[in-house]
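Working notes, beginning with the structure itself.
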Amino acid sequence: MGRSKFLMVILGCLFALQAYSWDGPHSGPKAQTGKKIIFIASDLRNGGVLGVKSGFMEAIRELCWEVEVKDGGGDINELHKILKTSLRARVDGIVLGGFQPDAEMEDMIPSKHPFLVGWHAGTHPGHTKYLFANITTDLSEVAKLAAESVQTVGSKPPGIVIISDNQFVIANEKVRQITETLKKCKTCHVLSVENISINSAQLRIPELVVRLNRQFGKAWTHTVAVNDIYFDNMNFPLKEIGRNDITNIAAGDGSRVAIGRIKGGGSQQAVTVAEPLLAQGWQLADELNRAFAGKKESGFVTKPIAITKEFLDRSSSEDIESKVSFREAYSSIWKRR
């Protein structure tokens, strides 16, 4: 093996180890057992929400909590109703999984309410007016990784269509930051921003592909979406119209389905900006446990990773969290004497 190739292999291994390392909390209050929780999911068809919920369900078994999961199905009005009834329920804590309450929802939250924590329940990580802690990556980092991917993969010069769901504040902020970041690229051109609700993606993506091709033709080279679910339904419509030159990039959460198709190499999705969903589910439980114990939030913020086929080929597993010791770290905190 030549010296330059050897160095590339070593650097690849070091990058993988850095991505897998656990830099989260190692101390905190012991388990506050016997709590009742409601987990409100924005939409369990969303791979990000589903992954976080799975991690949370693992964690509560360690804490001996009871949980009721309620699914809003991607409908903001339904989520409004669920939150209203949940706030009246006799529970110790509520998790907002993937949505930010609007002003009307905020008005419903009484001054003495169950402890609330959220995942993607605001545009920034940490404490908010009504949340003990909001868990999300830094959106500027997500936007940067997505924009860099546009510039490094696919045809040039990039002509980008952005797909989002404007029901959700965090999706709108992602679009704003991605657009601002792409403006710094002199050869990049944002062709349009398309609003498609996540719960209607399966029906609307095929017709959208046809319209975008008719409207922009070969100027359309890249699609950037705020969630992987849009690309669950895009590959076949693109092949039908002979557009195998389009490169798809998700600035979402890194669903298992998306990671699988990137690993397989048969999809036009080249990148997903992934979050450590299972670890974030455990963090939700840990933040609630800190609230119950009368302690401060941990302040920990996870980092996004740009997942490509090359990244996955360097790994022994499609599970990007398989080597992260978050379970051991949190279990050690909760079980301490």
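Throughout, numbering of the chain's residues begins at 1 and tracks the sequence.
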ILVMFWY network linking [X] to [Y], side-chain heavy atoms under 4.5 angstrom:
{"X": "Ile249", "Y": "Leu312", "answer": "no"}
{"X": "Val257", "Y": "Ile307", "answer": "no"}
{"X": "Val193", "Y": "Phe168", "answer": "no"}
{"X": "Val67", "Y": "Trp334", "answer": "yes"}
{"X": "Leu208", "Y": "Val175", "answer": "yes"}

message = Quick one, Thr272 with Asp228, criterion side chain to side chain donor-acceptor pair (under 3.5 Å). Give me CA distance, side-chain angles, the key distance, then yes/no.
response = CA-CA 7 Å; Thr272 183; Asp228 290 295; 2.9 Å; yes
Looking at every heavy atom in both [X] and [Y], which two are closest together, and how far apart are they?
{"X": "Ile40", "Y": "Ser86", "answer": "CD1-OG, 3.7 Å"}
{"X": "Ile94", "Y": "Val91", "answer": "CG1-CG2, 4.1 Å"}
{"X": "His222", "Y": "Val153", "answer": "NE2-O, 2.6 Å"}
{"X": "Ala121", "Y": "Tyr130", "answer": "O-OH, 3.7 Å"}
{"X": "Gln100", "Y": "Gly122", "answer": "OE1-CA, 3.2 Å"}
{"X": "Gln269", "Y": "Val271", "answer": "NE2-O, 3.2 Å"}

Determine whether a donor-acceptor pair (N or O, by modelled atom type, separation under 3.5 Å) exists between the side chain of [X] and the backbone of [Y].
{"X": "Tyr230", "Y": "Ile196", "answer": "yes"}
{"X": "Gln167", "Y": "Gly74", "answer": "yes"}
{"X": "Gln32", "Y": "Lys30", "answer": "yes"}
{"X": "Asp253", "Y": "Gly47", "answer": "no"}
{"X": "Gln268", "Y": "Leu238", "answer": "no"}
{"X": "Asp92", "Y": "Lys35", "answer": "no"}
{"X": "Asn233", "Y": "Ile205", "answer": "no"}
{"X": "Arg243", "Y": "Thr221", "answer": "no"}
{"X": "Asn195", "Y": "Asn166", "answer": "yes"}
{"X": "Glu287", "Y": "Ser298", "answer": "yes"}

How about [X] and [Y]: do any of their side-chain heavy atoms sit closer than 4.5 Å?
{"X": "Asp286", "Y": "Phe300", "answer": "no"}
{"X": "Ile259", "Y": "Arg256", "answer": "no"}
{"X": "Leu44", "Y": "Val69", "answer": "yes"}
{"X": "Arg176", "Y": "Asn172", "answer": "no"}
{"X": "Ile246", "Y": "Asn213", "answer": "no"}
{"X": "Ile135", "Y": "Val117", "answer": "no"}
{"X": "Glu240", "Y": "Val210", "answer": "no"}
{"X": "Ile333", "Y": "Arg290", "answer": "yes"}

Distance (rounded to the nearest 0.5 Å) between [X] [atom1] and [Y] [atom2]:
{"X": "His80", "Y": "Thr85", "atom1": "NE2", "atom2": "OG1", "answer": "11.0 Å"}
{"X": "Leu182", "Y": "Ile162", "atom1": "CG", "atom2": "CD1", "answer": "6.0 Å"}
{"X": "Asn235", "Y": "Asn244", "atom1": "CG", "atom2": "CG", "answer": "10.0 Å"}
{"X": "Leu139", "Y": "Gln177", "atom1": "CG", "atom2": "CD", "answer": "5.5 Å"}
{"X": "Leu63", "Y": "Lys335", "atom1": "CG", "atom2": "NZ", "answer": "10.0 Å"}
{"X": "Asn248", "Y": "Phe231", "atom1": "CG", "atom2": "CZ", "answer": "4.0 Å"}

inquiry  = According to side chain to side chain donor-acceptor pair (under 3.5 Å), does anything in residues 45-60 pair up with another residue at least two apart or in another chain? List the pairs.
reply    = Asp43-Arg45, Asn46-Asn227, Glu58-Trp282, Glu58-Arg327
All pairs passing side chain to side chain donor-acceptor pair (under 3.5 Å) where residues 139-155 contributes a residue, at least two apart = Asp138-Ser140
request  = Using the test ring-ring contact (aromatic ring centres under 6.0 Å, His included), find all partners of Phe292 that sit at least two apart in sequence or belong to another chain.
outcome  =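 ring-ring contact (aromatic ring centres under 6.0 Å, His included) list for Phe292, sorted by chain: Trp65, Phe115.
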Assess whether atom [atom1] of [X] is packed by more than 12 heavy atoms of other residues, nucleotides or ligands within 6.0 Å.
{"X": "His124", "atom1": "NE2", "result": "no"}
{"X": "Lys303", "atom1": "NZ", "result": "no"}
{"X": "Gln215", "atom1": "CD", "result": "yes"}

inquiry  = Parallel, tilted or perpendicular: which one describes the rings of Phe132 and His127, with boundaries at 30° and 60°?
reply    =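 Phe132 vs His127 ring planes: perpendicular.
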message = Please determine whether side-chain contact (heavy atoms from CB on, under 4.5 Å) holds for the pair Ile178 and Thr181, giving the CA-CA distance in whole Å, both sets of side-chain angles, and the decisive distance to 0.1 Å.
response = CA-CA 5 Å; Ile178 290 167; Thr181 307; 5.8 Å; no
message = side-chain contact (heavy atoms from CB on, under 4.5 Å) for Glu321 and Phe326? Distances and angles first, verdict last.
response = CA-CA 9 Å; Glu321 299 180 80; Phe326 62 89; 3.8 Å; yes
ask   = Should Ser255 and Ile229 be marked as a side-chain contact (heavy atoms from CB on, under 4.5 Å) after you check the CA-CA gap, both sets of side-chain angles, and the distance that decides it?
value = CA-CA 8 Å; Ser255 73; Ile229 202 167; over 6 Å; no
request  = Evaluate the side-chain contact (heavy atoms from CB on, under 4.5 Å) criterion for residues Lys81 and Lys84: first the C-alpha distance (whole Å), next the side-chain angles of each, then the deciding distance (0.1 Å), finally the verdict.
outcome  = CA-CA 5 Å; Lys81 293 176 187 175; Lys84 189 173 183 179; 5.7 Å; no
task = Could you walk me through whether Trp119 and Phe39 pass ring pair (Phe, Tyr, Trp, His ring centres under 6.0 Å), step by step?
result = CA-CA 11 Å; Trp119 176 79; Phe39 186 108; 8.9 Å; no
query = When you look at Gln280 and Thr302, which way does the side chain to side chain donor-acceptor pair (under 3.5 Å) test go after all the steps?
reply = CA-CA 8 Å; Gln280 288 176 331; Thr302 55; 2.9 Å; yes
inquiry  = Between Glu194 and Arg211 (salt bridge meaning N to carboxylate O under 4.0 Å), is one present in this structure?
reply    = yes
